[in-house]
Amino acid sequence: QVRLVESGGGSVQAGGSLRLSCEAPGYVYSMYTMAWFRQAPGKEREGVAALNKDGSISYADSVKGRFTISKDSDKNILYLQMNSLKPGDTAMYYCAAVPFDADLVVTAGVSEAFGYWGQGTQVTVSS
């Protein structure tokens with residue numbers, strides 16, 4: 001069983017920034033695409049950023065230019081730097097290791113039945 005642990009969520013005003021972190025076993029990065037998803041109340045879960053095993057990255061159009069996904073290979077931590085936050089970014093954010101290409105993750109989403117998922121961290125952006 002792969003355990004993913006997110007942290008870094010919180011409340012921020014519009015225009016502010018947050019950095020989410022996801023601790024994951026090191027071997028996961030060589031086996032899966034690592035991704036950040038979010039789910040707002042009443043909405044479907046969507047992929048916002050994903051990092052392929054080869055290092056290529058994809059972003060959802062809604063976050064391009066504002067969010068940055070990265071990893072610290074020494075610490076085995078996946079990050080999501082979120083800048084210029086908007087109220088529409090309010091959601092529960094999940095870290096996941098999934099067996100799909102990053103482009104598919106951010107365009108079609110992925111069921112939580114596939115791969116491994118963290119418990120989520122809440123991000124709330126007020127206007």
Side-chain angles (χ1 to χ4, degrees):
Q1 185 72 16
V2 175
R3 186 165 179 259
L4 306 177
V5 180
E6 304 99 332
S7 61
S11 296
V12 65
Q13 288 191 327
S17 298
L18 284 172
R19 188 177 76 163
L20 306 183
S21 300
C22 172
E23 295 182 49
Y27 66 86
V28 168
Y29 293 92
S30 63
M31 296 178 64
Y32 296 94
T33 293
M34 299 300 296
W36 288 98
F37 293 80
R38 67 184 181 187
Q39 187 167 21
K43 294 188 177 181
E44 292 187 355
R45 189 171 298 190
E46 61 174 347
V48 296
L51 173 67
N52 278 326
K53 291 176 289 185
D54 65 3
S56 57
I57 291 172
S58 296
Y59 295 100
D61 288 343
S62 59
V63 306
K64 279 181 182 176
R66 300 189 299 123
F67 289 14
T68 302
I69 188 172
S70 63
K71 68 175 182 179
D72 184 324
S73 298
D74 291 334
K75 298 180 180 179
N76 295 326
I77 297 177
L78 183 74
Y79 296 106
L80 184 68
Q81 178 66 44
M82 305 185 294
N83 298 327
S84 302
L85 283 162
K86 306 174 182 179
D89 295 318
T90 295
M92 185 71 78
Y93 283 71
Y94 299 89
C95 172
V98 295
F100 302 107
D101 183 78
D103 277 346
L104 182 68
V105 168
V106 301
T107 57
V110 176
S111 166
E112 62 182 6
F114 297 98
Y116 301 96
W117 297 75
Q119 293 301 304
T121 185
Q122 178 68 37
V123 172
T124 302
V125 184
S126 58
S127 58

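The first residue of the sequence shown is numbered 1, and numbering continues consecutively from there.
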Hey, quick one: are [X] and [Y] part of the same hydrophobic cluster, counting side-chain heavy atoms closer than 4.5 Å, chains of contacts allowed?
{"X": "Phe67", "Y": "Leu18", "result": "yes"}
{"X": "Tyr94", "Y": "Leu78", "result": "no"}
{"X": "Val48", "Y": "Val98", "result": "no"}

If I compare all heavy atoms of [X] with all of [Y], which pair ends up nearest, and what's the gap?
{"X": "Ala40", "Y": "Thr90", "result": "CB-O, 3.6 Å"}
{"X": "Val125", "Y": "Gln13", "result": "CG1-C, 4.0 Å"}
{"X": "Gln122", "Y": "Ala91", "result": "NE2-O, 3.4 Å"}
{"X": "Thr33", "Y": "Asp101", "result": "OG1-CA, 4.3 Å"}
{"X": "Ser126", "Y": "Pro87", "result": "C-CG, 4.4 Å"}
{"X": "Lys75", "Y": "Asp72", "result": "N-OD1, 3.1 Å"}

Is any side-chain heavy atom of [X] closer than 4.5 Å to a side-chain heavy atom of [Y]?
{"X": "Val123", "Y": "Leu20", "result": "yes"}
{"X": "Glu46", "Y": "Arg38", "result": "yes"}
{"X": "Glu112", "Y": "Arg45", "result": "yes"}
{"X": "Val105", "Y": "Ser58", "result": "no"}

Any donor-acceptor N/O pair, Glu6 side chain to Cys95 backbone, under 3.5 Å: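 At least one qualifying donor-acceptor pair exists.
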Within the side chain of Asn52, is there an N or O that forms a donor-acceptor pair under 3.5 Å with the backbone of Asp54?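 Here the side-chain-to-backbone pair does not exist.
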Tell me which pairs pass ring pair (Phe, Tyr, Trp, His ring centres under 6.0 Å) where either residue lies in residues 6-63, with sequence neighbours left out.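 As it turns out, the ring pair (Phe, Tyr, Trp, His ring centres under 6.0 Å) pairs with a partner in residues 6-63, which skip direct neighbours, are Tyr32-Tyr116, Phe37-Trp117.
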Evaluate whether atom CD of Gln119 has more than 12 neighbouring non-hydrogen atoms of other residues, nucleotides or ligands under 6.0 angstrom away. no
Quick one: list whatever passes ring-ring contact (aromatic ring centres under 6.0 Å, His included) with Phe100, sequence neighbours left out. Phe114
Salt bridge Asp89-Lys86, side-chain N to carboxylate O under 4.0 Å: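 Between Lys86 and Asp89 there is no salt bridge, as every charged N stays at least 4.0 Å from the carboxylate O atoms.
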